[in-house]
Amino acid sequence: MRYRSLVGAVAVALSLQGAPSALAAFPSRPIKVVVPMPAGSAPDIRIRLVAEELSKVLRQQVVVENRAGGGGAIGVQAVLAGEADGHTLLAASASIYTILPVQGAATAFDVNRDLIPIGTIMAEGQVLAVSPKLGVRTLADFVALARAKPDTIAIGTNPAGSLPHLAAKLIAAHAKAPIIIVPFSQGGTNAALTQILGGRIHAVIDGRPSLKGLLDSGDLKALAIMTDERVPSIPDLPTAAETLPGVRAVGWFVLCAPKGTPPNAVDIIHDGLREALDAPELIKKVEQIGTPFKPLFGDDLRRFIESEQKLWRPIVHQETKAGSEPPGN
């Protein structure tokens, strides 16, 4: 009996040694966050700040890997192709949840099925800004001018199918004005800003951080932000809905894990992210380069994603039927 007990004990010990991944504390190595945007872009900068703070909380390095292209599809595929152990995550953009699902056959994955949303890591209302040379002071002035001079006022945006491009479509539809919308497949917002400075287009739509330099210099004038409510840090900037009810466009990113990630790993990332986003130092840095936001988790996050998909689905369908290019980032 003693011999059998000894053999059993040795067998158990050997089996435990053969399964270190099941017993090791999470995270056991650096965590990689795949960002479906170019390095140095405004969202990338914000996400890197979150990753830096999350590294402190989890006491493990959180690194960012940029996988831009395909409207975010390349980034999603990179994450789903890896091991679902919590060490590879995705910073999923709004377009990944609201535009790619409508594409259907264009992707081999289902974001609602294959991704586990953990928490929002940034949110930025889209801003409509114009050249001061246009001579308008408010969104109402802009709409009136576009109606008075049909097919002459042009808004530049990121590539066709991107959130800024769809936001411009939303403004034109609600304004009932024949506005020209120019999506720049190469260069995106930067190309649009160059055209504004050259006097060839009149307005641009993007998140405030992308426009900040020209807004600060006075080469751009912000007319409205497309959030539900005015942003406390910029209280004098009206919402678009104050002039055009129903116009809302927020660029956001949510930290996701691939389907099959162990619940304990998801819970640890969830709790760490909550703590990181509450850090006063991170909040201060975010306010310096963008606008503050209220992070969403759990049921609140799921309801938010559902509402965003409901808002944008008909618009994306319409654009798809019209033969738009594949969505931008």
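In what follows, residues are counted from 1 in the order of the sequence shown.
- When all heavy atoms of Val143 and Ala177 are compared, the pair lying nearest together is O-CB, 4.5 Å.
- Side-chain rings of Phe304 and Trp252 approach one another, their centers coming within less than 6.0 Å.
- Under the 3.5 Å distance criterion, the side-chain polar atoms of Gln126 are left unmatched by any main-chain donor or acceptor of Ala167.
- Put simply, the side chain of Leu145 does not reach to within 4.5 Å of the side chain of Arg147, judged on heavy atoms.
- The closest donor-acceptor contact from the side chain of Thr98 to the backbone of Ala94 lies under 3.5 Å.
- Between Phe109 and Leu100, some side-chain heavy-atom pair lies under the 4.5 Å cut-off.
- Between Pro101 and Gln309, some side-chain heavy-atom pair lies under the 4.5 Å cut-off.
- The list of ring-ring contact (aromatic ring centres under 6.0 Å, His included) pairs with a residue in residues 169-203, not counting sequence neighbours, is empty.
- Ion pair Arg67/Glu65 flagged as a salt bridge, since at least one NZ, NE, NH1 or NH2 atom sits closer than 4.0 Å to an Asp/Glu carboxylate oxygen.
- A donor-acceptor pair under 3.5 Å is formed between the side chain of Asp44 and the backbone N or O of Gly40.
- A heavy-atom distance below 4.5 Å is not found between the side chains of Thr243 and Pro238.
- Counting only distance, with no hydrogens or angles, the side chain of Ser185 and the backbone of Pro159 share no donor-acceptor pair below 3.5 Å.
- Hydrophobic clustering places Leu163 together with Leu170 (ILVMFWY residues linked when any side-chain heavy atoms are closer than 4.5 Å, directly or through intermediates).
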Between Ile121 and Ile47, does a side-chain contact (heavy atoms from CB on, under 4.5 Å) hold up when you go through it step by step? CA-CA 7 Å; Ile121 50 178; Ile47 292 166; 4.0 Å; yes
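- Here the straight-line distance linking atom CD1 of Ile269 with atom CD1 of Ile118 works out to 4.5 Å at 0.5 Å rounding.
- Here the OG atom belonging to Ser131 is positioned 11.0 Å from the CG atom belonging to Leu193, to the nearest 0.5 angstrom.
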Ile171 and Met226: CA distance, side-chain angles, deciding distance, side-chain contact (heavy atoms from CB on, under 4.5 Å) verdict: CA-CA 10 Å; Ile171 283 182; Met226 299 177 212; 3.2 Å; yes
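- Applying the ring-ring contact (aromatic ring centres under 6.0 Å, His included) test to residues at least two apart or on different chains, the pairs with a partner in residues 254-282 are His270-Phe297.
- Cluster membership for Leu115 and Leu301, using ILVMFWY side-chain heavy atoms within less than 4.5 angstrom, is shared.
- In the displayed structure, Arg137 atom CZ is contacted under 6.0 Å by at most 12 heavy atoms of other residues, nucleotides or ligands.
- For the atom pair CD1 of Ile31 and CG of Leu89, the computed distance is 6.0 Å after rounding to the nearest 0.5 Å.
- Taking both residues in full, the closest heavy atoms of Ile180 and Thr152 are given as CD1-N, 4.1 Å, listed atom of the first, atom of the second, then distance.
- Contact between Gly71 and Ser95 at its shortest, heavy atoms only, is O-OG, 3.6 Å.
- Criterion: ILVMFWY side-chain heavy atoms under 4.5 Å apart, direct or through other members. Under it, Leu273 and Val286 are part of a common hydrophobic cluster.
- When the shell of 6.0 Å around CZ of Arg113 is examined, it contains more than 12 heavy atoms from other residues, nucleotides or ligands.
- Judged by distance alone, with hydrogens and angles left aside, the side-chain atoms of Thr120 form no donor-acceptor pair with the main-chain N or O of Met122 at under 3.5 Å.
- Residues Cys256 and Tyr97 are in side-chain contact: their nearest non-hydrogen atoms beyond the backbone lie under 4.5 Å apart.
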Passes side-chain hydrogen bond (donor to acceptor under 3.5 Å, both in side chains), Thr291 versus Glu124? Steps please. CA-CA 6 Å; Thr291 51; Glu124 192 75 45; 2.7 Å; yes
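- Looking at Asp110 and Lys259, no side-chain N of the basic residue comes within less than 4.0 Å of a carboxylate O on the acidic one, giving no salt bridge.
- You'll find the side chain of Asp228 reaches within 4.5 Å of the side chain of Arg248, heavy atoms only.
- When side chains are defined from C-beta on, Pro43 counts as touching Met37, because their heavy atoms get closer than 4.5 Å.
- In this structure, the side chain of Glu242 engages the main chain of Thr239 through a donor-acceptor pair within 3.5 Å.
- Under the 4.5 Å side-chain heavy-atom criterion for ILVMFWY residues, no single connected hydrophobic cluster contains both Val63 and Val34.
- Residues Val127 and Ile196 fall within the same hydrophobic cluster, defined by Ile, Leu, Val, Met, Phe, Trp and Tyr side chains chained together at heavy-atom separations under 4.5 Å.
- Contact detail for Glu275 and Val57: the closest heavy-atom pair is OE1-CG1, 3.6 Å.
- Using a 4.0 Å cut-off between charged nitrogen and carboxylate oxygen, Arg274 and Asp278 do not count as a salt-bridge pair.
- To the nearest 0.5 Å, the span separating CG on Asn158 from CG on Leu166 amounts to 11.0 Å.
- Here ring-ring contact (aromatic ring centres under 6.0 Å, His included) pairs that include residues 33-92, with residues two or more places apart or in two chains, are Phe26-His87.
- Taking every heavy atom of both residues into account, Pro164 and Ile205 meet most closely at CB-O, 3.3 Å.
- Taken from CG in Leu220 to CG in Leu134, the straight-line distance is 11.5 Å, to the nearest 0.5 Å.
- With hydrogens and angles ignored, the 3.5 Å screen pairs a side-chain donor or acceptor of Thr194 with a backbone N or O of Asn190.
- In this structure, the separation between NZ on Lys169 and CD1 on Ile155 is 10.5 Å, given to the nearest 0.5 Å.
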Evaluate the side-chain contact (heavy atoms from CB on, under 4.5 Å) criterion for residues Leu255 and Val33: first the C-alpha distance (whole Å), next the side-chain angles of each, then the deciding distance (0.1 Å), finally the verdict. CA-CA 8 Å; Leu255 190 63; Val33 177; 4.0 Å; yes
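- The salt bridge (Lys or Arg N to Asp or Glu O under 4.0 Å) search around Lys56 returns Glu53, Glu281, not counting sequence neighbours.
- The minimum heavy-atom distance between Thr157 and Ala192, with the atom names listed, is N-CB, 4.3 Å.
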Enumerate donor-acceptor pairs with a distance under 3.5 Å from any side-chain N or O in residues 206-214 to protein atoms, sequence neighbours excluded.
| unit_1 | atom_1 | unit_2 | atom_2 | d |
| --- | --- | --- | --- | --- |
| Asp206 | OD2 | Thr189 | OG1 | 2.3 |
| Lys212 | NZ | Asp216 | OD2 | 2.8 |

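- Within the 4.5 Å cutoff, no side-chain heavy atoms of Trp312 are placed close to those of Ile99.
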Verdict with supporting geometry, Phe142 and Ile179, side-chain contact (heavy atoms from CB on, under 4.5 Å): CA-CA 10 Å; Phe142 180 81; Ile179 297 170; 4.0 Å; yes
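- Side-chain contact, Ser233 with Glu287: no donor N or O sits under 3.5 Å from an acceptor N or O.
- Using modelled atom types, one side-chain atom of Thr138 and one backbone atom of Asp141 make a donor-acceptor pair closer than 3.5 Å.
- By the salt bridge (Lys or Arg N to Asp or Glu O under 4.0 Å) test, Arg313 pairs with no residue at all, sequence neighbours left out.
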